[in-house]
Amino acid sequence: MGGVAPDVGAEGGKAPDGGWGWAVLSGCFVITGFSYAFPKAISVFFKELIREFGVGYSDTAWISSILLAMLYGTGPLCSVLVNRFGCRPVMLVGGLFASLGMILASFSTSIIHIYLSTGVITGLGLALNFQPSLIMLNRYFSEKRPLANGLSAAGSPVALCCLSPLGQVLQYQYGWRGGFLILGGILLNCCVCGALMRPLVAPKALKSKDLEQDNEEGTEKKKKPNAKLLDFSVFKDSGFLIYTVAASIMVLGLFVPPVFIVSYAKELGNEDTKSALLLTILGFIDIFARPTCGVIAGLKWVRPRCVYLFSFAMLFNGITDLVGSQAKDYASLVVFCIFFGISYGMVGALQFEVLMTIVGTEKFSSAIGLVLLMEAIAVLVGPPGAGRLLDATKNYMWVFLLAGSEVVLSAVVLATCNFLFIRNKSSASAEKLECITVTDDAKTEVCGKPAEMDEEEEKGAREGQEKETKEEVIEEEEETDKERVEEVRPKSITVDSQEVERFLKEPQQNGDMATSPETSL
């Protein structure tokens, strides 16, 4: 981030893991709930919109699609704004945009107006709140970060269980226009959550701020123009590339079962109320699965291996889809929703925790923006692709098989590539650190190599290091000798030529006076 964001004052400071961080966590809980649940809860008003504007269901479904596209696709824009202005100002502006979009939508006269207001403006506002809240959570928590991520991720199912019934009540009491207007007022709470995101400043920086301010102003002004608003250097990290590819594949099939589970139940001959109850079961299990997974990920022997736990969660989710494709009655669908809720909650609790672990705090703001951009493409392709497959086959089994295969593939890619590349890279770097010692003169010398290294490589390394050290010593000796010669020789010559000649000539000219006792007295 290069010191551009004003809330990066605690650079090098330790995360408090508590204190005001719990207030930040509560704000992140609410923001996560709005961001993920609002695009689904808005579907309650679709029937009224179809009657009002005389459009089809596919036309109204574009509202949720645009909301999700803005939430994911504007990731790089959010990263630039956060790195330029900081988290709190961006979230305050985002809350105003989210509320303004719904208020404008209540005065819409066509479906296009709702696309622009609810889809674009509200979607942009939610995006400007979601990403900065995760960045602030990453700054305030370090040791307890897995638990914090699990608790904040639980906001999504909680908000979904609250917003969907609330939307139905608002639609019944006030119509879709009044419901949109009230929801716009509720979204103003995003500004309250943004106000909770107090910049984290290290205590040492506060004490020495007045003393070092004058000296650092010049250097900061020189550094600011060179600061990166969007750090693309994360693509040089093999761990980030592996995570991005795996996450993009995962998103292709992750959101497909919640979209089609209700229609699947209706296809088997179940009532509408019983079919809708499946989503409630899924969401209820999800509420408890996310914090529980966060606690497990925070264990000492699990946290260093959280990437593999994330891979297991994806594998669990994919296998659940594959088995659920064979469901033939309502009871089997209930069992599927229970296991899917557990695995879905595990994935939701771990996805950003793993990304934070891979890229670190300073690059997380840029990394999450780029990852969300890649996932946005998969979000737009996944459910529509599954819909086309359903139209072609007229069988939900193939939809769930496709979704499960994609999620299983992502788990295999993440676990396999991490084991083959990241593990070997870390072990090689550890061997290098064991073989190199730093002396007081800032020179490196070769120490004992591990037994695994070949003799030829060891000899070559030693010879090369010895040559470098010999050349450095010879150059230093030559420089010191030259300096000594230049300083000593002129002084010795002047003393010999002037002093000796003077004392030799004077006795010859005044020989008698020099030897007489009177003159000597």
Side-chain angles (χ1 to χ4, degrees), residues 30-50 53 55-78 90-91 93-106 108 110-134 155-157 159-160 162-164 166-167 170-171 176-177 179-190 193 251 254-256 258-259 279 283 348 368-369 372-384 387:
V30 176
I31 294 298
T32 303
F34 281 145
S35 301
Y36 279 112
F38 200 80
K40 302 173 184 177
I42 202 71
S43 61
V44 174
F45 300 93
F46 282 178
K47 289 184 178 180
E48 292 295 325
L49 294 177
I50 292 172
F53 302 112
V55 295
Y57 184 83
S58 60
D59 296 327
T60 56
W62 273 102
I63 300 174
S64 298
S65 299
I66 296 173
L67 271 170
L68 290 173
M70 293 298 296
L71 180 64
Y72 284 89
T74 57
L77 175 62
C78 296
V90 173
M91 291 184 68
V93 174
L96 294 177
F97 269 84
S99 176
L100 179 64
M102 293 303 297
I103 293 173
L104 292 177
S106 64
S108 299
S110 68
I111 195 68
I112 302 297
H113 295 164
I114 297 181
Y115 291 162
L116 296 177
S117 56
T118 302
V120 176
I121 299 177
T122 300
L124 177 61
L126 293 176
L128 293 177
N129 278 272
F130 175 64
Q131 186 171 325
S133 66
L134 292 176
S156 175
L160 183 60
C162 296
L163 288 178
S164 295
L166 177 62
L170 293 177
Q171 179 184 352
W176 71 269
R177 294 186 185 272
F180 276 26
L181 189 63
I182 295 174
L183 288 176
I186 293 175
L187 286 178
L188 281 174
N189 288 291
C190 293
C193 298
V251 172
L254 183 65
F255 300 115
V256 170
V259 173
L279 283 180
I368 187 175
L372 290 177
L373 178 61
M374 298 298 296
E375 290 183 353
I377 301 173
V379 166
L380 293 177
V381 172

Q) Yes or no on side-chain contact (heavy atoms from CB on, under 4.5 Å) for W62 and I111, after CA distance, side-chain angles and deciding distance? A) CA-CA 10 Å; W62 273 102; I111 195 68; over 6 Å; no
**Q.** Evaluation steps, side-chain contact (heavy atoms from CB on, under 4.5 Å), between T118 and L67
**A.** CA-CA 7 Å; T118 302; L67 271 170; 4.3 Å; yes
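To the nearest 0.5 Å, atom CD1 of residue I103 and atom CG of residue L188 are 6.0 Å apart. One distance of note links CG of L68 with CD of E375; it measures 11.5 Å at 0.5 Å rounding. Atom-to-atom distance recorded for I42:CD1 and W176:CH2 is 10.0 Å, nearest 0.5 angstrom. Residue N189 holds its CG atom at 9.0 Å from CD1 of I31, rounded to the nearest 0.5 Å. Here CE of M102 is found 10.5 Å from CD1 of I182. Values are rounded to the nearest 0.5 Å. Atoms SG and CE, from C78 and M91 in turn, are 11.0 Å apart once rounded to the nearest 0.5 Å.
Across P76 and G369, no two heavy atoms sit closer than the pair CD-O, 3.2 Å. The shortest heavy-atom contact between P132 and V90 is CG-CG1, 4.0 Å. A pairwise comparison of heavy atoms in G73 and A376 identifies N-CB, 3.5 Å as the closest pair. Between V120 and L116, the shortest heavy-atom distance links the atoms CB-O, 3.2 Å.
Using a 4.5 Å heavy-atom cutoff, the side chains of L183 and F45 are in contact. At a threshold of 4.5 Å between non-hydrogen side-chain atoms, the residues I63 and Y115 count as touching. Under the 4.5 Å side-chain criterion, counting only non-hydrogen atoms from C-beta, T122 is not in contact with S117. Counting heavy atoms from C-beta outward, Y36 and L160 have side chains that stay 4.5 Å or more apart. Counting heavy atoms from C-beta outward, N129 and F34 have side chains that stay 4.5 Å or more apart. At a threshold of 4.5 Å between non-hydrogen side-chain atoms, the residues Y72 and V251 do not count as touching.
A donor-acceptor pair is defined here as one N or O able to donate and one able to accept, closer than 3.5 Å; such a pair exists between the side chain of S99 and the backbone of G184. Judged purely by atom type and a 3.5 angstrom limit, S108 uses its side chain to pair as donor or acceptor with the backbone of A105.
Taking L134 as the reference, C28, F130, F352, F364, I368 meet the side-chain contact (heavy atoms from CB on, under 4.5 Å) condition, with sequence neighbours excluded. Remark: F97 engages no residue in a ring-ring contact (aromatic ring centres under 6.0 Å, His included) (not counting sequence neighbours).
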